[in-house]
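Worksheet: one structure, shown below.
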Amino acid sequence: MSTRNNLCDFVLFGGHGDLAFRKLMPALYHLCKDGYLAEKSRIITVSRASLSNDEHISLVKEKLIEFLPSNSFTQEDFSRFEKKLFYVSVDFSTNEGYKKLQILLDEYDERDRVNYLSTSPKYFAGICQSLSKCNLIKENSRVVLEKPLGKDLKSSQEINQKVLEYFNEDQIYRIDHYLGKDTVQNIMALRFSNRLFVHLWSSNHIDHVQITVAESVGAEGRWGYYNEYGAMRDMIQNHLLQLLCLMAMEPPCSLDANDIRDEKVKVLKTLRPILPAQIASRTVRGQYTAGSSMGESVPGYNDAQEMQSNTETFAAIRVDIDNWRWNGVPFYIRSGKRMQRRNSEVVIQFKTMPHSIFAEDNANSIVDNKLVIKLQPEESIELRLMNKIPGLSETMKLQEVNLELNAPHTDKRKPDAYERLILDVIRANPTLFMRLDEVEAAWRWADPIIESWENNLVPMKKYTAGTDGPTASVQLIAQDGRSWNDE
Ligand code: BG6
């Protein structure tokens, strides 16, 4: 890992896309504002539109005002930021326009260079090839790949192989923006810096784990993209499996990127395959119909579309991990769009006390301990414990209380996941990015499930927009005598 002075040319391909304006430019703006970008760094946007530099700068300003929280944008900060902005027009389908990019980059040939590919993966190979032809790939160049990295193992291997023709694995940074979230990184701190959890963290004391990523938004606006991928490829194969890995992995021997990634790959390799015969009892897929979200009527997934699609907008799966630590501890994972509320959390449900000495009645039952790690909408960590209700009652009365394990509140702004990740690429630290074997192991597990779904071995369950998803997902966990944390 380097601790350079962060001086680099950051080349943003597809820099006029939704992700670039919504997330990447605001992240770069904040990094600049907070002094993390070296003064002479450049942010070179490469996109199809033929615009002048000034027109590009005006557009960036307009979008920052639209997407930044209102108190974040100031003209003074923008004046410093805009000095870093450059624009080059390239048509990715014909690869015309790279000459101008070459001239611009050659001005500082020796600099570190980050090539951020925020385009459709179908352009990755062409972009890498053109960079190579123009001699723009050096030892200190890096390439960042946005998801989706394929639709299955085969297509993902094809994409990765193409990029690997031009960049070494060490130069490739595959983004999973969940790994940039502060609370997600905190999972490592919680698990590996607190003696308290060391012996609790296994099948000896944990009954099961739940991972939920629920969104209130629908697929509208991104329907074309989403319809090709669905919840399984868009969320489960990457974000949810990454969370699962962090919860389940063995302590890495150091914080070195490869030591951490080695442990995550081991988890992915031990995920029990879900065979066609088990698919109906272990998985649920759903699609939302018209309903209401946050008080407003919203259309169903297929409403107003020309085709009636069978893409899932909800997935819930019972995952088993075949190793010593997790023997008999299921991980229930689920993710959906147009759910009742935005809520992402990981719940570690501890086992029931072996024996209770307290009088048990309806008003006084011991609730099993839980550790709840909330990622969204607010980030927090809570340990649910039993406690005595103060007072003079004849028998001791108990209540469940929350022990909050949050960092002390400060007014300091919490950086967005993309700020952390972009800064890590600039610093050449790949720890929070996915290695090739991780991506492939995740697809190896996901592919047979997707195939069984495509063969209709599990019916598509409809759910009304603005609810908790199909009732079948309640049954998925209830059949094992358990319930979701929200029930
Ligand atoms: C993206 C998915 O990777 O993550 C989107 O493509 C999803 O469909 C988004 O909405 C969720 O991210 P977050 O950070 O808002 O939970």
Side-chain angles (χ1 to χ4, degrees), residues 14 17-27 30 67-69 116-121 144-151 156 159 173-187 211-246 285-288 293-294 298 301 309 311-315 333-346 373-380 414-422 432-434 438-439 442-443 446 450 465-466 469:
D18 186 59
L19 179 79
F21 283 137
R22 213 174 265 279
K23 292 285 185 185
L24 307 180
M25 273 297 169
H30 275 302
F67 291 118
L68 280 171
Y116 196 118
L117 310 195
S118 177
T119 63
S120 158
V144 185
L145 307 181
E146 259 299 339
K147 64 181 265 277
L149 280 176
K151 292 183 73 181
S156 138
I159 294 171
Y173 289 65
R174 299 179 190 83
I175 283 236
D176 184 312
H177 78 276
Y178 266 58
L179 295 179
K181 291 182 192 272
D182 230 47
T183 313
V184 175
Q185 290 163 54
N186 210 359
I187 294 175
I211 303 176
T212 298
V213 178
E215 299 182 87
S216 54
V217 293
E220 305 85 22
R222 296 169 75 219
W223 200 91
Y225 153 78
Y226 190 83
N227 197 47
E228 274 193 54
Y229 291 87
M232 185 69 187
R233 294 178 170 112
D234 185 50
M235 299 294 291
I236 304 268
Q237 185 271 349
N238 35 75
H239 304 326
L240 278 89
L241 283 190
Q242 283 294 321
L243 290 175
L244 182 146
C245 285
L246 291 173
R285 58 179 182 145
Q287 189 186 71
Y288 65 82
S293 172
M294 319 311 265
V298 291
Y301 180 70
S309 156
T311 295
E312 79 285 351
T313 60
F314 176 95
I333 63 178
R334 62 178 171 163
S335 179
K337 294 219 181 277
R338 279 282 178 243
M339 305 280 282
Q340 193 174 41
R341 60 198 168 98
R342 184 169 189 236
N343 173 41
S344 301
E345 63 179 24
V346 179
I373 303 173
K374 285 205 174 282
L375 309 176
Q376 273 154 188
E378 301 301 331
E379 302 191 32
S380 69
K414 284 207 176 133
D416 182 73
Y418 276 99
E419 286 174 54
R420 158 105 259 158
L421 296 173
I422 288 176
L432 299 178
F433 297 82
M434 289 184 296
E438 270 182 87
V439 178
W443 280 122
I450 296 172

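Start at 1 with the first residue, then count along the sequence. What you see below is based on every heavy atom in this structure, not just the backbone, and it leaves out hydrogens, waters and symmetry mates. Whatever order the structure lists ligands and atoms in, that order sets their numbers, starting from 1. What you see is a predicted model; the values in this text were computed from it and never measured.
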Could you tell me which residues satisfy salt bridge (charged side-chain N to carboxylate O under 4.0 Å, His left out) with Lys337, sequence neighbours excluded, listed by chain and number?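 By the salt bridge (charged side-chain N to carboxylate O under 4.0 Å, His left out) rule, Lys337 matches Glu215.
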If the condition is salt bridge (charged side-chain N to carboxylate O under 4.0 Å, His left out), which residues does Asp182 pass it with, not counting sequence neighbours?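 Once residues adjacent in sequence are excluded, Asp182 has no partner under the salt bridge (charged side-chain N to carboxylate O under 4.0 Å, His left out) criterion.
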Under the side chain to side chain contact (heavy atoms under 4.5 Å, CB included) criterion, do Leu243 and Leu375 qualify, and how do the steps go? CA-CA 11 Å; Leu243 290 175; Leu375 309 176; 3.9 Å; yes
What pair of heavy atoms forms the shortest contact from Tyr225 to Lys147, and how long is it?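 Reported closest heavy-atom pair: OH-NZ, 4.0 Å.
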For Ser216 and Arg341, does a side-chain donor sit closer than 3.5 Å to a side-chain acceptor?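 Their side chains do not contain a donor-acceptor pair, so the 3.5 Å distance test is not met.
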Results of ring-ring contact (aromatic ring centres under 6.0 Å, His included) for His30 - residues two or more places apart only: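 In terms of ring-ring contact (aromatic ring centres under 6.0 Å, His included), with neighbours along the sequence ignored, His30 is linked to no residue.
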Under 3.5 Å, N/O to N/O: give me all the pairs between ligand 1 and the protein, one per line with atom names and distance.
residue, atom, partner, partner atom, Å
ligand 1, 3 (O), Lys147, NZ, 2.7
ligand 1, 3 (O), His239, NE2, 2.7
ligand 1, 6 (O), Lys147, NZ, 3.0
ligand 1, 6 (O), Arg222, NH2, 3.0
ligand 1, 6 (O), Asp234, OD1, 2.6
ligand 1, 6 (O), Asp234, OD2, 3.4
ligand 1, 8 (O), Arg222, NH1, 2.7
ligand 1, 8 (O), Asp234, OD2, 2.6
ligand 1, 8 (O), Lys337, NZ, 2.8
ligand 1, 10 (O), Glu215, OE1, 2.5
ligand 1, 10 (O), Glu215, OE2, 3.3
ligand 1, 10 (O), Lys337, NZ, 3.1
ligand 1, 12 (O), His177, NE2, 3.1
ligand 1, 14 (O), His177, NE2, 2.8
ligand 1, 14 (O), Lys181, NZ, 2.7
ligand 1, 14 (O), Gln376, OE1, 3.4
ligand 1, 15 (O), Arg342, NH2, 3.3
ligand 1, 16 (O), Tyr178, OH, 2.4
ligand 1, 16 (O), Gln376, OE1, 3.2
ligand 1, 16 (O), Gln376, NE2, 3.0

